Amino acid sequence: MQVRGRYLIAVWTVVFAAAFVVIIRRDHNGWATRRAIDDAEKNIRKLQSLRQVYEGEIFNLTSPEVLQPKAEALGLHIVSDSDFIQLSIPAPH
């Protein structure tokens with residue numbers, strides 16, 4: 001059986017249409033992935049800026065100027081060189 005011209009044209013049309021659909025789907029998936037990556041990068045930038053803000057706040061709150069009054073209010077004091085506490089460790093039996 002010999003394949004006629006109109007069947008060849010139909011087969012090649014289906015092949016080209018299938019290839020076209022594959023390319024369109026791939027591009028669509030690529031664009032969706034790119035949007036997801038862009039959103040993730042925006043979130044990363046937001047989180048990094050928040051991290052810098054919080055690190056600055058932690059640095060300020062752990063400074064001696066802030067901690068010393070709070071410690072003194074609790075009855076604590078800054079250890080001097082003359083303060084000496086000997087800790088005894090029991091010997092093993």
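Note that the coordinates shown come from a computational prediction; the quantities given were computed from them, not determined experimentally. Along the sequence shown, residues carry numbers from 1.
The number of heavy atoms from other shown groups lying within 6.0 Å of NE2 (His77) is above 12.
The hydrophobic cluster containing Tyr7 does not contain Val14, counting ILVMFWY residues as joined when their side-chain heavy atoms lie under 4.5 angstrom apart, directly or transitively.
Arg25 contributes atom CZ, which lies 13.5 Å from atom CD1 of Ile23 (distance to the nearest 0.5 angstrom). The structure places OG1 of Thr33 at 9.5 Å from NE2 of His28, a figure rounded to the nearest 0.5 Å. Here the straight-line distance linking atom OG1 of Thr13 with atom CZ of Phe20 works out to 13.5 Å at 0.5 Å rounding. Here Ile58 contributes atom CD1 and Arg51 contributes atom CZ; the two are 9.5 Å apart, rounded to the nearest 0.5 Å.
The shortest non-hydrogen separation linking Pro64 to Pro69 is O-CD, 4.1 Å. Annotation for Leu67 and Thr62: closest pair CD1-O, 3.5 Å, computed over non-hydrogen atoms. When all heavy atoms of Ile78 and Asp83 are compared, the closest pair comes out as O-OD2, 4.4 Å. Closest non-hydrogen pair, Ser88 versus Pro90, comes out as O-CD, 3.8 Å.
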Please walk me through it: do Glu72 and Gln68 pass side chain to side chain donor-acceptor pair (under 3.5 Å)? CA-CA 6 Å; Glu72 289 173 353; Gln68 187 171 359; 3.2 Å; yes

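Between Asp38 and Arg34 a salt bridge is recorded (basic side-chain N to carboxylate O distance below 4.0 Å).
Between Ile37 and Glu41 there is a side-chain heavy-atom pair separated by less than 4.5 Å.
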